[in-house]
Amino acid sequence: MEIKKGIAVSPGIAIAKAMVINSQDYRIPRRAILPSQLDVELKRVRNAFASAISELKELEKSKSISESNIKDIFAVHMRFLRDRSLRKKICDLVKKDLIVAEYAVSVTLREIASHFASIKDAYISERATDIYDIEKRLLKQLIDSSNQDVEHITEECIVVANDLSPTQTASFDRRFVKGFATNTGGRTSHTAIVARSLGIPAVVALEDVSSVTDVGATVIIDGNRGVVIINPDEETLAQYEIYYEDFARLEHELDSLRELPAKTRDGVEISLLGNIEFPEEADIILDKGGYGVGLYRTEFLYLQSKSEPSEEDHYEAYLKVVEKLKSKPVIIRTMDLGADKVVHDNHFQVEDNPVLGLRSIRYCLQHMLLFKTQLRAILRVSAISNVKIMFPLISNLQELLQAKMILRDVMEDLDEYSVPYNPDIEIGIMVETPSAALTASMLARECDFFSIGTNDLIQYTLAVDRANERVATLYSANDPAVLRLLRNIVYDASKAKIALSVCGEMASEPENVLLLIGMGVRTLSIAPAMIPEVKKVIRSVTVQHCNNLARQALSMNSKRQVSNFLRDAAIKILPEAF
Ligand code: PEP
Ligand code: MG
């Protein structure tokens, strides 16, 4: 039995056999296969060689190779890839040791490379570099194909991987993927956010979990405590079966709050909305007693489809949501691609600092056709529903003015063809950069509402990558710098008399719910699954008490002090939430 501690990102307990996905960085662990998997593994070796050969041919065609040394390199690679004895050697190793294809490829080619490197002939020893390249070429084929396999999992399992992209996570079929564990990641990474949306228990930042877990090993994911147990003993298994039942009972109890208002003990109503990535989640918001959609992350439409969505694709997705929500509000955020949400085609160039790069609204403003297509679809649904439009990652007033101007252009186009829409549609922005927070009073004059995206706001304020487990302890909603910016934004919104909500992950953390209410926030938008728990927190407090807590928190000078203080307060109010 091995116990690993990481960051809990999606609550719940799951117990199932491991399906291990290989890492992109090509550090290939020795992993065993079952005798029944042998044929599949040998086929993977053959396919990897065939695909690597085709890829090399394509590459040769696409490059105008005039230089003879480049031609030579391609020729060497091709010779190796066509060498039957090399393929046989790898297959024999898979058969003999019952190991995954990746490991056999890696071991075999590294052996050859070090043999070449030891020969005292410059020409031959330099060929070692080519062998490493060939290893990479083959591993890429094997790893890409196993990544695609993630989309087609058809047996119950726990996915264990180095990392998972939000797109891969979004493709999980909940019936089969019971939970996941990754080496990397942070609490507010989009992979974690999608896990919560799908209700899949998950733990991230487990360092080497993908190397130490064998395919088929029994794994427990404890998404409440941030623990993963590999090959649990009988006693641990029995203990976890009890935890599982306790958790299910607690969820059931919380569901009884469905029809009750999200009102504090001193009678202040808090509007509880849901964040969604897929239209299907609109049902969960209603089931859990939420009042509307506070954030629809429409970029998942792009991430899930192989080609760019058409206006009709957008329209149909939005229609599904608004039909379910009837007259309730639905805030559609225009696409927020980039950073960790990238589509797998040529749209996005590789950037050194994608989080600071051409992402989100910046990308839309430079890709007018794509932007207008989405805006047209949003406007069309506005004719029949209570939708609002929200621009992400606004970092200066000019960006907002430009986005509004494009929206007006689209309205004029629709007028020309007499297509109905709501000309008074509310326009809001996400306040998620320090520059927007600091100029909130200027931005507030040009829009109808703010939604504070604390996931990004914290990342940019503290200069801490939200998805990087190595700096996860530096990432905190309770840092005095973050508290001050939040206070400013709330103040500026209220002065300008515009609506304000918080839609980052902190809005679903009980201790931070107290803080936000105390700072004057009256609308929270959170993962639908968290609505009952947050409603319970709201119903257990008074605004006066929250005001006191916020005032004291703002006077403290370290994030640890603030976190401990808020946690203690929350435990007193609602011990069962911890
Ligand atoms: C945020 O940044 O807080 C937010 C809600 O948007 P996303 O998590 O999609 O970046
Ligand atoms: Mg954001």
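All ligand and atom numbering here is 1-based and tracks the order in the structure.
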| For atom 7 (P) of ligand 1, what is the nearest protein heavy atom, given as residue, atom name and distance? | H190 NE2, 3.2 Å
| request: Show which atoms of ligand 1 fall inside a sub-4.0 Å distance from at least one heavy-atom site of G504. | output: 3 (O)
| task | Indicate, as side chain, backbone, both or neither, the part of E277 found under 4.0 angstrom from ligand 1 when only non-hydrogen atoms are considered. | result | neither
| request: Using the test salt bridge (charged side-chain N to carboxylate O under 4.0 Å, His left out), find all partners of D336 that sit at least two apart in sequence or belong to another chain. | output: R333, K341, R359
| query | Should you measure from each heavy atom of M430, which atoms of ligand 1 turn up under 4.0 Å away? | reply | 4 (C), 5 (C), 6 (O)
| N or O pair under 3.5 Å between R466 and ligand 1 | yes
| remark: One finds that the ligand 1 atoms under 4.0 Å from a non-hydrogen atom of I193 are 8 (O)
| said: Would you say the rings of F371 and H367 are close, in the sense that their centroids are separated by under 6.0 Å? | reply: no
| task | Quick one: list whatever passes side chain to side chain donor-acceptor pair (under 3.5 Å) with K388, sequence neighbours left out. | result | none
| message | Looking at ligand 1, would K341 count as a contact under a 4.0 Å heavy-atom criterion? | response | yes
| request: Mark up the atoms of ligand 1 that fall under 4.0 Å of a heavy atom belonging to L295, in ascending order. | output: 5 (C)
| query | Considering only heavy atoms of R297, which atoms of ligand 1 have at least one such atom less than 4.0 Å away? | reply | 4 (C), 5 (C), 6 (O), 7 (P), 8 (O), 9 (O)
| task | Select one of side chain, backbone, both or neither to describe which atoms of T188 lie under 4.0 Å from any atom of ligand 1, heavy atoms only. | result | neither
| Can you tell me if N224 uses its side chain to pair, donor with acceptor, with the backbone of P11 under 3.5 Å? | no
| Which segment of I452 sits under 4.0 Å of ligand 1 when only heavy atoms are counted | neither
| K4 and E207 ion-paired at < 4.0 Å | no
| task | Starting from the C-alpha separation in whole Å, work towards a yes-or-no answer on side chain to side chain contact (heavy atoms under 4.5 Å, CB included) for T182 and V209. | result | CA-CA 7 Å; T182 57; V209 71; 5.7 Å; no
| message | Test of understanding: given a 4.0 Å heavy-atom threshold, classify the contact between R333 and ligand 1 as side chain, backbone, both, or neither. | response | side chain
| message | Evaluate E299 for polar contact with ligand 1, using N/O atom pairs at a separation under 3.5 Å. | response | no
| query | Can T454 and T188 be said to form a side chain to side chain contact (heavy atoms under 4.5 Å, CB included), step by step? | reply | CA-CA 9 Å; T454 50; T188 64; over 6 Å; no
| query | If only atom types and distance count, is the side chain of Q168 paired as donor or acceptor with the main-chain N or O of S165 below 3.5 Å? | reply | yes
| request: Answer with yes or no whether the side chains of S327 and N386 bring together a donor and an acceptor at under 3.5 Å. | output: no
| request: Can you sort out which atoms of ligand 1 are near E432, meaning under 4.0 Å from one of its heavy atoms? | output: 1 (C), 2 (O), 6 (O)
| task | Output the list of atoms in ligand 1 that are nearer than 4.0 Å to some heavy atom of G453, sorted by atom number. | result | 1 (C), 2 (O), 3 (O)
| request: Output yes when E509 and R187 qualify as a salt bridge under the 4.0 Å nitrogen-oxygen rule, no when they do not. | output: yes
| query | Within the distance-only criterion (no hydrogens, no angle test), does the side chain of Y421 pair as donor or acceptor with the backbone N or O of I378 below 3.5 angstrom? | reply | no
| request: Mind checking ring-ring contact (aromatic ring centres under 6.0 Å, His included) for H190 and listing every partner two or more places apart, or none if nothing turns up? | output: none
| task | Return the set of protein N, O or S atoms whose distance to the Mg ion (ligand 2) is under 2.8 Å, each given as residue and atom. | result | E432 OE1, D456 OD2
| Gap separating the CG atom of D456 from the OG1 atom of T461, nearest 0.5 angstrom | 10.0 Å
